[in-house]
Peer 1: 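Mind having a look at this structure? Questions to follow.
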Amino acid sequence: VQRVLVSYDDVPEWPFEAVDFTVDSLLNSAQIVDGRWESTPDGIHPVVAGYDRLITIGDRRTWTEYQVTMTFRIAWRAQPSDLPPNQGAGPAVGLGVRWDGHNETPRQPDREYWPTGGFTWFQWSDSGDRLELYANENSQSSQIFANMDLDRDYVLRFTVENVPGGSGGEAVYTTELWEDSIDDPAAPDWSRTVTGLASAPTHGAALIIAHHVDAYIKAFDVVDLSDN
């Protein structure tokens, strides 16, 4: 028999904040969902790259309209042709918003990623590398061919805002990607926008996605855009 001391802080809501993962503790700033991650002076990254290495940040109960900005670099990626067909996508790095966790499936552990507000990622593909944006179980999507070099810093920004006068989960999702060598350009290198359906989730946390890549996440900033 071993006595274990558990310390619980009853925090009613996860705060909107900026996190510098080169110095801030991963465990104090985020929640690991899948994979083994570690903190380094260059940021947090998955120790072993593989299928959907995930980290969630935020309050799935109260976060509704917000903007996520992530600074990162890719140290390694798999080759698209090396991945089996059941991997869902080629190597990718990206973000999710209005994430409510994996949902129930006939098999355990739960693995279904819909319903979620939206996902955006940069994906390497044999048919052309591109920035992609998906909402409503992939029923709304947009993509643009783009390029990303290894060992270079990039910024990915993902915004979700309700449609004025809309109902339910109607929201506008906007993704923007640019090199970190320029400061928050008025015209990002690449951007896409889609509008979600009323049946989509109205709230949920933010999600970091590293799919068959060794992604170093350096900084993560979330801004509340709601009227609350």
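Atoms considered below: every heavy atom in the structure, side chains included; atoms not considered: hydrogens, waters and symmetry mates.
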Peer 1: Distance check, rounded to the nearest 0.5 Å: Trp14 atom CH2 versus Thr62 atom OG1?
Peer 2: 11.0 Å

Peer 1: Roughly how far, to the nearest 0.5 Å, is the CD1 atom of Ile209 from the CZ atom of Arg53?
Peer 2: 13.5 Å

Peer 1: Please report the interatomic distance OH(Tyr134) to CD(Gln143), rounded to the nearest 0.5 Å.
Peer 2: 5.5 Å

Peer 1: Any side-chain heavy atom of Tyr154 sitting closer than 4.5 Å to one from Met148?
Peer 2: yes

Peer 1: Apply the test side-chain contact (heavy atoms from CB on, under 4.5 Å) to residues Arg77 and Leu150: give CA-CA distance (whole Å), side-chain angles for both, the deciding distance (0.1 Å), then the verdict.
Peer 2: CA-CA 8 Å; Arg77 66 171 178 87; Leu150 298 183; 4.3 Å; yes

Peer 1: Is any side-chain heavy atom of Pro46 less than 4.5 Å from a side-chain heavy atom of Asp214?
Peer 2: yes

Peer 1: Can you label the angle between the Tyr66 ring and the Phe16 ring as parallel, tilted or perpendicular, going by 30° and 60°?
Peer 2: tilted

Peer 1: Val172 and Leu197: same hydrophobic cluster, using ILVMFWY side-chain contacts below 4.5 Å?
Peer 2: no

Peer 1: When you measure from the side chain of His203 to the backbone of Arg60, do you find a donor-acceptor pair of N or O atoms at a distance under 3.5 Å?
Peer 2: yes

Peer 1: Would you check if Ile44 and Ser39 make a side-chain contact, meaning some heavy-atom pair closer than 4.5 Å?
Peer 2: yes

Peer 1: With side chains defined as the heavy atoms from C-beta onward, is the minimum distance between Leu177 and Asp189 less than 4.5 Å?
Peer 2: no

Peer 1: Do you know which two heavy atoms are closest between Trp37 and Leu54, and how far apart they sit?
Peer 2: NE1-O, 3.8 Å

Peer 1: Can you list everything that forms a side chain to side chain donor-acceptor pair (under 3.5 Å) with Ser127? Sequence neighbours excluded, please.
Peer 2: Ser125, Arg130

Peer 1: Do you know which two heavy atoms are closest between Ala171 and Arg98, and how far apart they sit?
Peer 2: CB-NH1, 3.6 Å

Peer 1: In the structure I gave you, are the side-chain heavy atoms of Phe158 and Leu133 within less than 4.5 Å of one another anywhere?
Peer 2: yes

Peer 1: Return the OG1 to CD1 distance between Thr56 and Ile32, rounded to the nearest 0.5 Å.
Peer 2: 11.5 Å

Peer 1: Is the backbone N or O of Leu83 less than 3.5 Å from a side-chain atom of His212, with the two atoms forming a donor-acceptor pair by type?
Peer 2: no

Peer 1: Given Asp151 and Arg73, is the salt bridge (charged side-chain N to carboxylate O under 4.0 Å, His left out) satisfied, shown in steps?
Peer 2: CA-CA 6 Å; Asp151 295 318; Arg73 68 175 174 85; 3.3 Å; yes

Peer 1: State, to 0.1 Å, how close Ile144 and Ser191 come at their nearest heavy-atom pair, and which atoms those are.
Peer 2: CG2-O, 4.5 Å

Peer 1: In Å, rounded to the nearest 0.5 Å, how long is the span from CG of Leu207 to CD1 of Ile55?
Peer 2: 9.0 Å

Peer 1: Are any non-hydrogen side-chain atoms of Thr120 and Arg192 less than 4.5 angstrom apart?
Peer 2: no

Peer 1: If you group Ile, Leu, Val, Met, Phe, Trp and Tyr by side-chain heavy-atom gaps below 4.5 Å, do Leu95 and Leu26 land in one group?
Peer 2: yes

Peer 1: Of all heavy-atom pairs between Val222 and Phe220, which one has the smallest distance, and what is that distance?
Peer 2: CG2-CE2, 3.3 Å

Peer 1: Please lay out, stage by stage, how Met70 and Val93 fare under the test side-chain contact (heavy atoms from CB on, under 4.5 Å).
Peer 2: CA-CA 11 Å; Met70 178 176 73; Val93 58; 4.3 Å; yes

Peer 1: Side-chain contact test, heavy atoms from C-beta onward, threshold under 4.5 Å: evaluate it for Thr64 versus Thr202 and give yes or no.
Peer 2: no

Peer 1: What orientation do Tyr216 and His45 show, parallel under 30°, tilted 30 to 60°, or perpendicular over 60°?
Peer 2: parallel

Peer 1: Looking at every non-hydrogen atom in both residues, tell me the closest pair between Ala92 and Val213 and how far apart they are.
Peer 2: O-CG2, 3.5 Å

Peer 1: For the residue pair Asp221 and Ala18, what are the closest heavy atoms and their distance?
Peer 2: OD1-CB, 3.4 Å

Peer 1: Report the C-alpha distance between Val155 and Thr69 in whole Å, list the side-chain angles of each, state the deciding distance to 0.1 Å, and finish with yes or no for side-chain contact (heavy atoms from CB on, under 4.5 Å).
Peer 2: CA-CA 7 Å; Val155 179; Thr69 304; 3.5 Å; yes

Peer 1: Any side-chain donor paired with an acceptor under 3.5 Å for Glu65 and Ser226?
Peer 2: no

Peer 1: Given side-chain contact (heavy atoms from CB on, under 4.5 Å), test Asp100 with Thr116 step by step and report yes or no.
Peer 2: CA-CA 7 Å; Asp100 194 33; Thr116 295; over 6 Å; no

Peer 1: Do Glu132 and Phe119 have side chains that get closer than 4.5 Å, going by heavy atoms?
Peer 2: no

Peer 1: Could you give the distance from CD (Glu179) to CG (Asn147), rounded to the nearest 0.5 Å?
Peer 2: 7.5 Å

